[in-house]
Novice: 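For reference, the structure I am asking about is given below.
Below, chain A is the first sequence line, B the second, and so on; all start at residue 1.
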There are 2 protein chains.
Amino acid sequence: MRRNRNEGNAVGGHPLTAQRRLLLDLLRDAGGHVDARELYRRAVSRDGSVSLATVYRSLSLFKRLGLVDERRLNRVCCCYEIRQSPEHQHLVCRGCGRVIEFRSPLIGELIESVRREHGFILDRAELCLEGYCPECNSEGHAP
Amino acid sequence: MRRNRNEGNAVGGHPLTAQRRLLLDLLRDAGGHVDARELYRRAVSRDGSVSLATVYRSLSLFKRLGLVDERRLNRVCCCYEIRQSPEHQHLVCRGCGRVIEFRSPLIGELIESVRREHGFILDRAELCLEGYCPECNSEGHAP
DNA sequence: TTAAGTGCAAAGGCTTTGCAGCATA
DNA sequence: TATGCTGCAAAGCCTTTGCACTTAA
């Protein structure tokens, strides 16, 4: 893919090239939990000439601009997701591998209590809960 | 280091070799937050012939046996720590990099609420809070 | 012309694995 | 002897980086 003309909107002062637009679209469609490799695969299937380096560089830019969040949902690699309005956390099922998003007011309370007790100003809270979902529990997949 | 005679206690049915004993000692002394590379450096300084492969293999064994916990405190590598009685979580300062352990009853409440609302049985909760500690805040290191 | 984005390939860093040798039972 | 641990080296992955080319202002 040769770089196309700036496609209208810029992102944080950086031109929205065709590659960046494609990657942002894919991230939006994915609705979260895509790793760089998978994003690259999807990008290539739409445009065979996108490079993996551009995927990483774009993700790095999106992170800096606060457009996407980087999460560690497994041991090996990072997952990326479009930043959404409500703060949310993840539940990972060790049995079937699926990831569920959830929200809880307790997270906010926790952050506030840490600020009160330790004087920390927090700008990022990442909570990863692992266990077994109801289905895997009932089917005896849990150990 | 040639393998020494089993030094008394076995760990989970596996012999406590000199290497494993050394690594467990170092993990205990470290009191948490050591990555594999650092553990390897410390091990080598006490015994020049320990290999990095043994460090990883031992850590993997310790994890399986539940002796150590693996944490992701930064983007790059894992940290390991001896499993301690009280559940605790980590506060990471983005300014000076120091890591503070803390406990909160809210974590337990959170796990219970997830069980109630989603039916998940959780066996691992990893919370990583990032921000700026009081010192870095007052010195203006925070952005 | 200048600054910045891209693709390609190579390199970097962390982790795992294959293999042969040796120790323990 | 048989099993399992170790060191060494190589390979595997994920991610970053150097370079030359191209594009847009």
Novice: Would you call A:Asp35 and A:Arg42 a salt bridge, using N to O less than 4.0 angstrom?
Specialist: no
Novice: Please give, in whole Å, the distance from C:dG12 C1' to B:Arg37 CZ?
Specialist: 11 Å
Novice: B:Arg115 side chain to B:Leu122 main-chain N or O, any donor-acceptor pair under 3.5 Å?
Specialist: no
Novice: Would the distance check show the side chain of B:Ser60 and the main-chain N or O of B:Tyr56 forming a donor-acceptor pair, the cut-off being under 3.5 Å?
Specialist: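 A pair under 3.5 Å: no.
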Novice: Starting from C1' on D:dC21, measure out to CD on A:Gln19 and report it in whole angstrom.
Specialist: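 Taking atom C1' of D:dC21 as the reference, CD of A:Gln19 is at 14 Å.
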Novice: Please report, rounded to the nearest Å, how far the P atom of D:dG4 is from the CZ atom of B:Arg64.
Specialist: 12 Å
Novice: Check this one for me: any side-chain N or O of B:Thr17 less than 4.0 Å away from OP1 or OP2 of C:dA23?
Specialist: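 The answer is no; no side-chain N or O of B:Thr17 sits under 4.0 Å from OP1 or OP2.
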Novice: Find the distance B:Phe62:CZ to D:dC5:P and express it as a whole number of Å.
Specialist: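 Distance check: B:Phe62 CZ to D:dC5 P gives 11 Å.
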Novice: Considering only side-chain heavy atoms of B:Tyr56, which listed nucleotide, C:dT15, C:dT6, D:dC8, is closest?
Specialist: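 That would be C:dT15.
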Novice: Could you tell me how far apart B:Leu61 (CG) and D:dT6 (P) are, to the nearest whole angstrom?
Specialist: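 In whole Å, D:dT6 P lies 9 Å from B:Leu61 CG.
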Novice: What nucleotide among D:dC8, C:dC8, C:dT15 has an atom nearest to a side-chain atom of B:Ala53?
Specialist: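 Nearest nucleotide to the side chain: D:dC8.
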Novice: Is it the case that the side chain of B:Gln89 and the backbone of B:Leu127 share a donor-acceptor pair, with hydrogens and angles ignored and the cut-off at 3.5 Å?
Specialist: yes
Novice: Determine whether any donor atom in the side chain of A:Arg57 lies under 3.5 Å from an acceptor atom in the base of C:dG7, or the reverse, and answer yes or no.
Specialist: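 Yes, a donor-acceptor pair under 3.5 Å.
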Novice: Figure out the CZ/P separation between B:Arg41 and C:dG13, and round it to whole Å.
Specialist: 12 Å
Novice: Measure CG/B:Leu22 against P/D:dG7 and give the value in whole Å, please.
Specialist: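 Answer to the nearest Å: 10 Å.
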Novice: Between C:dC8, C:dT15, D:dC5, which one does the side chain of A:Ser51 approach most closely?
Specialist: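 My answer, after comparing the listed nucleotides, is C:dC8.
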Novice: Any side-chain to backbone donor/acceptor pair from A:Ser58 onto A:Val55? Under 3.5 Å, distance only.
Specialist: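 Flag not set: sc A:Ser58 to bb A:Val55 has no pair under 3.5 Å.
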Novice: Can you figure out which of D:dC5, D:dT15, D:dC8 approaches the side chain of A:Ala36 most closely?
Specialist: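 Comparing D:dC5, D:dT15, D:dC8 against the side chain of A:Ala36, the answer is D:dT15.
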Novice: Nearest whole angstrom, please: distance from the P of C:dT15 to the CG of B:Leu39.
Specialist: 11 Å
Novice: Given C:dT15, C:dG7, D:dT6, which nucleotide is nearest the side-chain atoms of B:Leu52?
Specialist: C:dT15
